[in-house]
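Lettering of chains follows the sequences in order, A, B, ..., and the numbering in each one begins at 1. Predicted model only: the values in this text are computed from it and were never measured.
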Amino acid sequence: MKNASTSVAITLKQVQKTFSDGTLALKPLDLHIEKGEILVLLGPSGCGKTTTLRLIAGLEFCDQGGQILFGERDVTNVAIEQRRVGMVFQSYALFPNMNVSENIAYGLRVRGESKELKEKKVQEMLELFDLEPYAHRGIDQLSGGQRQRVALARAIITEPEVLLLDEPLSALDALLKKRLRTDINALLKRLGITAVYVTHDQEEAMAMGDRIAILDRGEIAQIGTAEEVYLSPKSEFVANFIGQMNHFDGLLNGQALSFRSNFIPLPETLYSTYKEGERIRCMTRPEDVRLTSFEDATLKGAVSHSVFLGDRTRVLVSVEGVKELVHVDCFERKRYSKGDRVGLVIPPLCLVLLPNLGSEEVVC
Amino acid sequence: MKKGMYFYLQLAFTLLVCAFLIVPIFMSITAGLTNNYFVGVKSGLTLRWVEQVWTLYSDTIWLTMEIALVTTLVNLCVGVPCAYYLARTRSKLSAFLDECLTLPIAIPGMAIALGLISVYGGISEFRMSWLFILVGHVIFTLPFMVKSVLAVLQSINFRVLEEGAASLGASFWQRFFHVIVPNCKTGIVSGILMTLTLSAGEFNLTWMLHTPLTKTLPVGLADSYASMRLEVSSAYTLIFLGMILPLLIAAQWLNRKPKRTA
């Protein structure tokens with residue numbers, strides 16, 4: 001199987017989708033996916049990720065004015081059967097009237113390929129996906145993981161220009177999910193196929209994608225590598241959707257963010273862009289906060305409760321002036337009890353700052 | 001578990017009901033094969049009456065088979081695409097069509113026949129031909145075919161199956177014949193059996209629509225009851241049962257088989 005040669009880049013220009021009932025499912029979208037790249041569309045349900053995938057697939061057509069290109073080929077008004085895509089559906093969409101081999105061979109059958117070629121390629125696929133013992137089994141005799149592999153084999157046998165995966169792992173249990181996503185990722189990379197992968201699971205997104213596009217209410221909130229979206233979220237939505245975030249609302253006071261008696265020192269790169277006294281929101285990840293002695297700290301609180309998670313302990317600290325409990329991940333084997341007075345240290349480089357708090361109340 | 005008196009009472013009642021229904025059929029079969037029904041079986045068994053029926057009424061039997069087969073064929077060609085359209089489309093028009101299709105089940109056959117005669121009865125060529133009965137049978141049986149296929153379509157996720165086939169390059173017709181039709185097989189086969197059975201046994205409508213030259217088996221049966229000796233009409237019933245029973249048994253057997261889902 002050599003897909004790298006057939007793969008193409010995908011370009012979306014001002015692609016918008018309005019449903020027949022007038023709902024705007026997707027705001028005008030510009031997106032470029034490189035040849036051989038895996039792009040993950042991530043977001044909560046109803047954010048437009050599946051609509052985007054269906055537009056790329058040709059299962060939906062975009063509003064007037066939008067354009068979808070596969071390489072140089074304009075496929076905007078081309079139906080799915082002529083787009084040369086491979087698609088893996090959430091429910092797999094395997095044909096119950098055909099056995100495993102027939103399902104895998106279907107794409108070649110409708111193209112009128114010779115019997116020899118079909119048999120050769122189906123055999124290749126069966127070997128690639130460890131499905132040889134199940135070749136003549138009915139679909140209803142397969143486990144979830146096996147069905148998933150049949151669906152993937154069926155989608156790539158025709159060497160499509162792009163591969164589209166619509167939440168392909170969501171019907172599987174957590175353990176199988178983890179194993180399969182590693183397998184799929186390795187396979188897609190080996191084939192060098194351009195792939196668009198839809199999921200609502202952020203861990204899956206980070207494991208799968210070269211880049212992640214996070215969608216919110218019909219538009220891309222942020223697009224970038226896993227590191228970029230995790231470490232430098234551009235909006236509150238992205239920050240909260242990927243991983244856990246602690247929020248500190250306060251006023252810029254000199255070189256620090258202050259609220260009540262607490263303050264967090266800020267690095268120059270952050271505070272220099274804001275005016276003295278400006279309301280700002282500062283965020284940080286639980287694993288970036290360190291617990292220290294109460295006396296020396298500029299940020300002080302009391303332990304509310306702690307949860308042992310095996311590789312770490314999640315400590316929830318109540319800090320004066322902070323609305324929500326501050327989540328802290330401790331990696332050393334230390335016990336914290338309710339009421340323990342602790343200090344919190346946040347390395348300045350681990351801070352993310354978002355302005356425009358608007359009219360939200362700031363406790364200062 | 002020890003079976004109580006209640007169980008045996010139930011069993012006795014069920015057997016009694018079965019006997020109530022089956023005994024007349026059995027008697028009729030016996031009548032059709034007995035030399036003289038009033039003397040009883042001791043008068044001797046014979047196939048004379050069956051042969052006589054065949055000589056007198058074989059044309060009605062052939063016509064019944066012909067109409068039943070053509071009705072089924074028309075139902076297949078119209079009913080399956082119709083069910084597919086209704087399952088796919090959710091519009092006011094499809095809801096209206098659905099209602100229209102169900103209507104012939106509720107309207108008495110006589111009324112449908114009367115409607116057909118008053119509208120098309122003037123076209124004498126059509127009125128005299130067996131096609132006139134065919135139209136009536138299609139109107140009466142089409143809802144059964146459509147509903148049967150529709151039920152299967154609604155139980156499988158056929159849209160996704162179709163999208164899956166389309167993503168692999170299948171055209172509309174390839175999708176329809178490779179994916180939709182095979183996965184509706186149980187619905188189609190049960191629709192076929194129902195159509196054959198209903199068409200072969202249809203009397204009300206056919207009685208109104210027939211001409212002396214386009215008589216079907218049930219109409220001929222009514223004639224023979226009215227004008228022939230009991231043994232002949234019983235032999236006629238026997239032939240009818242021979243035609244219809246295998247279909248009914250096949251339909252029952254099919255319904256027992258678990259349906260495969262997507």
Asks: Does A:Val110 reach the side chain of B:His178, with side-chain heavy atoms less than 4.5 Å apart?
Replies: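 Counting from C-beta outward, A:Val110 and B:His178 do come under 4.5 Å.
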
Asks: With chain A, which of B:Ser171, B:Gly164, B:Pro182, B:Ala170 has the greatest number of heavy-atom pairs at distances under 4.5 Å?
Replies: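 If we count pairs closer than 4.5 Å to chain A, B:Ala170 comes out on top.
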
Asks: Distance from A:Leu59 atom CG to B:Arg159 atom CZ, nearest 0.5 Å?
Replies: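 Spacing of CG (A:Leu59) from CZ (B:Arg159) equals 12.5 Å.
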
Asks: By a 4.5 Å heavy-atom criterion (distance strictly below it), what part of A:Arg154 contacts chain B: side chain, backbone, both, or neither?
Replies: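 Contact with chain B: backbone and side chain both.
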
Asks: Hey, is OH on B:Tyr120 packed in by over 12 heavy atoms from elsewhere, all under 6.0 Å?
Replies: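 Incorrect, the count does not exceed 12.
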
Asks: Looking at B:Trp207, I'd like to know if its CH2 atom is crowded, meaning that more than 12 non-hydrogen atoms belonging to other residues, nucleotides or ligands lie closer than 6.0 Å.
Replies: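 12 or below, so no.
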
Asks: How far does CG of B:Leu168 sit from CG of A:Asn103, to the nearest 0.5 angstrom?
Replies: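 Taking CG in B:Leu168 and CG in A:Asn103, the distance rounds to 9.0 Å.
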
Asks: What pair of heavy atoms forms the shortest contact from B:Ala165 to A:Tyr106, and how long is it?
Replies: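 Taking B:Ala165 first and A:Tyr106 second, the nearest heavy atoms are CB-CE2, 3.9 Å.
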
Asks: Step through the shown structure and confirm whether more than 12 heavy atoms of other residues, nucleotides or ligands are within 6.0 Å of CD on A:Glu72.
Replies: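 For A:Glu72, atom CD is not crowded (no more than 12 foreign heavy atoms under 6.0 Å).
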
Asks: Going by side-chain contact (heavy atoms from CB on, under 4.5 Å), A:Pro96 matches just one of B:Asn183, B:Ile156, B:Asn157. Which one?
Replies: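 Output: one option passes, namely B:Asn183.
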
Asks: Please tell me if the side chains of A:Met87 and B:Glu163 come closer than 4.5 Å, counting only heavy atoms from C-beta onward.
Replies: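 Counting from C-beta outward, A:Met87 and B:Glu163 never come under 4.5 Å.
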
Asks: Once rounded to the nearest 0.5 Å, what's the spacing between atom CG of A:Asp166 and atom OG of B:Ser167?
Replies: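 One finds 11.5 Å between CG of A:Asp166 and OG of B:Ser167.
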
Asks: Within a strict 4.5 Å, meaning less than it, do heavy atoms of the A:Arg109 and B:Gln174 side chains meet?
Replies: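 They are not in contact (no side-chain heavy atoms under 4.5 Å apart), so the answer is no.
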
Asks: Where the side chain of A:Arg83 meets the backbone of B:Gly169, is there a donor-acceptor pair that is under 3.5 Å apart?
Replies: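 Side chain of A:Arg83 to backbone of B:Gly169, a donor-acceptor pair under 3.5 Å: no, none is there.
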
Asks: Any side-chain heavy-atom pair from A:Tyr92 and B:Val160 closer than 4.5 angstrom?
Replies: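 No, side chains not in contact.
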
